[in-house]
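What you are looking at is a predicted structure, and each value in this text was computed from that prediction instead of being measured.
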Amino acid sequence: MAEEHNRMRLLLAMGCALVLPCGVLSAAVFDLASATDLFVPTFRGNAHTTWVGWDTFDDGGTLSEVINDTTPDLGTDPGSFVTTSGEDHLSGSGNYYSGGTPVAETVTFATHAGVDGFTTVIVQAMTLFGGWGDVVQFGTIDGVAPILVLQSDNQRTSFGTTGGSLFVKYEIAGPITTPEFAITTSGFGSPTSFDQLVIDTLWSPTGYATDTAVATPEPASTIAALIAIVGFAVRPRRWSSPSLRR
């Protein structure tokens with residue numbers, strides 16, 4: 001019985017590790033599936049950090065034009081958000097809205113110019129309402145691709161409707177030489193929108209920031225997965241019983 005009990009505990013722990021963000025995850029792991037706003041990285045406001053973002057993309061109030069916004073609305077540092085395709089991606093309310101054309105943007109941002117060390121860049125975005133219309137792709141920074149691009153639709157309790165969240169993380173050895181990246185989608189089709197887009201950076205002499213993100217399964221799928229794991233574990237043991245082999 002003790003052996004069976006320990007076996008069950010081990011299998012349940014394995015199932016938890018596969019489908020749940022269990023207790024091994026730290027407070028720096030953000031869950032996009034339950035997000036109602038953008039997250040605040042644990043390092044924001046510390047030494048050697050920058051923070052810049054937009055919640056309108058109209059460069060001081062001029063609507064219905066190709067976006068060339070060099071006046072960030074959020075954060076404390078400079079940056080720019082520029083449409084490179086010549087298309088008008090600005091909604092009447094100042095939000096980013098691609099319409100039926102592909103996303104084609106270049107974003108620049110400030111960063112701390114340290115010596116050697118490690119630079120972490122976290123990019124976050126969210127829709128005003130509604131999910132994502134397409135897979136959003138993020139280009140390299142100094143030739144380095146992001147280590148994580150997580151795009152999720154979620155239920156925003158503050159709006160009462162489904163919305164979308166993005167969490168992108170770069171880890172770059174040393175300081176950044178050219179602090180910019182491209183945002184694209186692969187083709188025409190469903191519109192893509194941004195209500196907010198924010199970039200946080202950290203330069204450290206010792207290592208990268210631990211902040212990361214997940215998008216946990218819906219509760220029903222989580223329970224189903226656990227039941228399947230437990231059922232798989234119990235069934236072979238039951239058929240191995242001597243009383244059932246007679």
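Rounding to the nearest 0.5 Å places CD of E171 at 6.0 Å from OH of Y208. Here the straight-line distance linking atom CG of L148 with atom OH of Y170 works out to 11.0 Å at 0.5 Å rounding. Rounding to the nearest 0.5 angstrom, the gap separating the CG atom in L197 from the CD atom in Q124 is 9.0 Å. For the atom pair CE of M126 and CG of D195, the computed distance is 5.5 Å after rounding to the nearest 0.5 Å. Here T50 contributes atom OG1 and I176 contributes atom CD1; the two are 8.0 Å apart, rounded to the nearest 0.5 Å. With rounding to the nearest 0.5 angstrom, the CG atom of L128 is 8.5 Å from the OG atom of S91.
The side-chain heavy atoms of V121 and I199, taken from C-beta on, include a pair separated by under 4.5 Å. Using a 4.5 Å heavy-atom cutoff, the side chains of R44 and V198 are in contact. At a threshold of 4.5 Å between non-hydrogen side-chain atoms, the residues P102 and T184 do not count as touching. Counting heavy atoms from C-beta on, the side chains of L166 and V123 never come closer than 4.5 Å. Using a 4.5 Å heavy-atom threshold, the side chains of I122 and F30 count as separate.
For T192 and D134, the side-chain atoms include no donor-acceptor pair closer than 3.5 Å. Under 3.5 Å, the side chains of D69 and T71 contain a donor-acceptor pair of N or O atoms. Judged by distance alone, the side chains of S165 and S152 never bring a donor and an acceptor atom under 3.5 Å apart. Side-chain N/O atoms of S193 and T127 include no donor and acceptor closer than 3.5 Å.
The aromatic rings of F57 and Y96 sit perpendicular, their planes meeting at an angle over 60°, well past the 30° parallel limit. F194 and W132 have perpendicular rings, their planes meeting at more than 60° on a 0 to 90° scale where under 30° would count as parallel.
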